[in-house]
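Remarks on the structure that follows.
Any value given below was found using the heavy atoms of this structure, including those in side chains, with hydrogens, waters and symmetry copies removed.
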Amino acid sequence: MRAKIFHTGFWALAGTLAILCSPLLLWPGPGPATMSIGAFAKLFRRWLRICGVHVEYRGLEHLPADQPVILAAKHQSYGDGLCHIARDPALAYVIGDHMLRFPLVGLYLKRAQAVVVDNDAGRRANGALDEGVARLARDSRSALIFPEGGLTPVGGGRRFRKGVHRLAQVLDRPVIPVATNLGCFWPEQEPVLYPGKAVVEFLPPMSADTDSRSFMTALQVRVEGRTRELEAEALTLRSTD
């Protein structure tokens, strides 16, 4: 019953806000679309809490106050991106082209100047990434990227793609690895919602001044290692409820 209420409310909220804010898309510039997406993310986080899942952000001390960064985040729940945007509505984001298939969503993301990458393009995806780099450099926003290129189940993962290393080197920004256990509460592979405290944890920054292979290996080890620990923490709490 909890999951049905949550999912019904989630889609009703998304659809209602997308329609109500659609006139703002006629306004020039990315500001109105970015504001609308940020408002939805905050409402989503509030609805998630009403339905029993509180999101805790840890490691905020690792986020520098005086420069933009690249957030290289674990992706195991449909709510991952929204939780990041709820914390920082000004975030820029690198997304897969599959997000453009949702009605109105693609339009909002394009107007917000999201960097769209073809998930099936392999090395050819670098072209789309290059087009977005100049834009990110100009507006000086921190950028969110999911190095796995898609959702993975709890306990699993994919090889991290090198786009995050390319972004960090070209933009000359530190990379903040991000671990999470949100998938233990809203897993992508199950139509359920478990109550509890989900964690999004920012780890110490990494410099991309090494070769891509060494950097990506170190990044994946850090993110996956801490994610496994957070998953164990979540599943232990769930089993004692």
Side-chain angles (χ1 to χ4, degrees), residues 41 55 57-59 69-85 87 91-102 105 109 114-130 132-133 136 142-171 173-190 198-206 208 210-232 234-235:
V55 179
Y57 299 96
R58 297 179 185 171
V69 298
I70 306 295
L71 300 177
K74 179 68 179 176
H75 196 15
Q76 59 178 204
S77 171
Y78 292 115
D80 290 325
L82 290 172
C83 285
H84 282 286
I85 296 169
R87 185 196 63 83
L91 271 180
Y93 12 92
V94 180
I95 61 170
D97 60 336
H98 64 285
M99 293 297 298
L100 304 184
R101 300 168 192 164
F102 294 94
V105 172
L109 291 171
V115 178
V116 181
V117 178
D118 184 347
N119 282 336
D120 298 322
R123 291 184 178 180
R124 289 184 288 111
N126 286 336
L129 200 59
D130 289 341
V133 167
L136 292 174
S142 289
L144 170 67
I145 184 172
F146 295 112
E148 291 167 295
L151 286 160
T152 60
V154 171
R158 304 183 187 183
R159 180 181 60 83
F160 279 25
R161 301 185 179 187
K162 298 178 180 180
V164 59
H165 181 262
R166 187 181 185 87
L167 271 180
Q169 282 205 324
V170 175
L171 296 174
R173 298 180 185 178
V175 173
I176 306 293
V178 188
T180 188
N181 61 13
L182 183 58
C184 294
F185 303 93
W186 186 17
E188 59 90 11
Q189 68 271 33
E190 300 176 55
V199 177
V200 176
E201 184 167 345
F202 302 94
L203 306 179
M206 298 175 60
T210 59
D211 66 277
S212 62
R213 183 185 296 274
S214 299
F215 175 84
M216 296 309 301
T217 298
L219 175 64
Q220 184 155 9
V221 166
R222 292 191 192 187
V223 172
E224 295 288 8
R226 184 55 184 153
T227 293
R228 297 290 90 81
E229 294 173 353
L230 292 177
E231 289 170 348
L235 294 174

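The side chain to side chain contact (heavy atoms under 4.5 Å, CB included) test applied to A208 returns H165, A168, Q169, F215, not counting sequence neighbours. Residues passing the salt bridge (charged side-chain N to carboxylate O under 4.0 Å, His left out) test with R226 are E201, E229, sequence neighbours excluded. In this structure, the side chain to side chain donor-acceptor pair (under 3.5 Å) partners of D80, at least two apart in sequence or on a different chain, are H75. With sequence neighbours left out, T152 forms a side chain to side chain contact (heavy atoms under 4.5 Å, CB included) with K74, Q76, E148, R158. Every side chain to side chain contact (heavy atoms under 4.5 Å, CB included) that P204 has, sequence neighbours left out, goes to H62. For Y57, the side chain to side chain donor-acceptor pair (under 3.5 Å) partners are R45, not counting sequence neighbours.
Side-chain atoms of T180 come within 3.5 Å of backbone atoms of V199 as a donor-acceptor pair (strictly under, hydrogens ignored). The closest donor-acceptor contact from the side chain of T217 to the backbone of R213 lies under 3.5 Å. Of the possible polar contacts, none joining the T227 side chain to the A179 backbone as a donor-acceptor pair under 3.5 Å is found.
The CZ atom of F160 sits 11.0 Å away from the CZ atom of F146 when rounded to the nearest 0.5 Å. Here the CG atom belonging to L71 is positioned 10.5 Å from the CD1 atom belonging to I145, to the nearest 0.5 angstrom. Taking CD1 of I176 as the start and CG of L203 as the end, the distance is 8.5 Å to the nearest 0.5 Å. Taking OG of S77 as the reference point, atom CG of N181 lies at 10.5 Å (rounded to 0.5 Å). Here the OG1 atom belonging to T210 is positioned 10.0 Å from the CG atom belonging to L219, to the nearest 0.5 angstrom.
Shortest non-hydrogen contact noted between L91 and I85 is CD1-N, 4.3 Å. For G81 against L144, the heavy-atom pair with the smallest separation is CA-CD2, 4.2 Å. Taking both residues in full, the closest heavy atoms of L182 and A198 are given as CD1-CB, 3.7 Å, listed atom of the first, atom of the second, then distance. Residues V223 and P177 come closest through the heavy atom pair CG2-CB, 3.6 Å. Across G156 and R228, no two heavy atoms sit closer than the pair O-NH2, 3.4 Å.
Only one option out of R87, H84, R58 pairs with V200 in a side-chain contact (heavy atoms from CB on, under 4.5 Å); it is H84.
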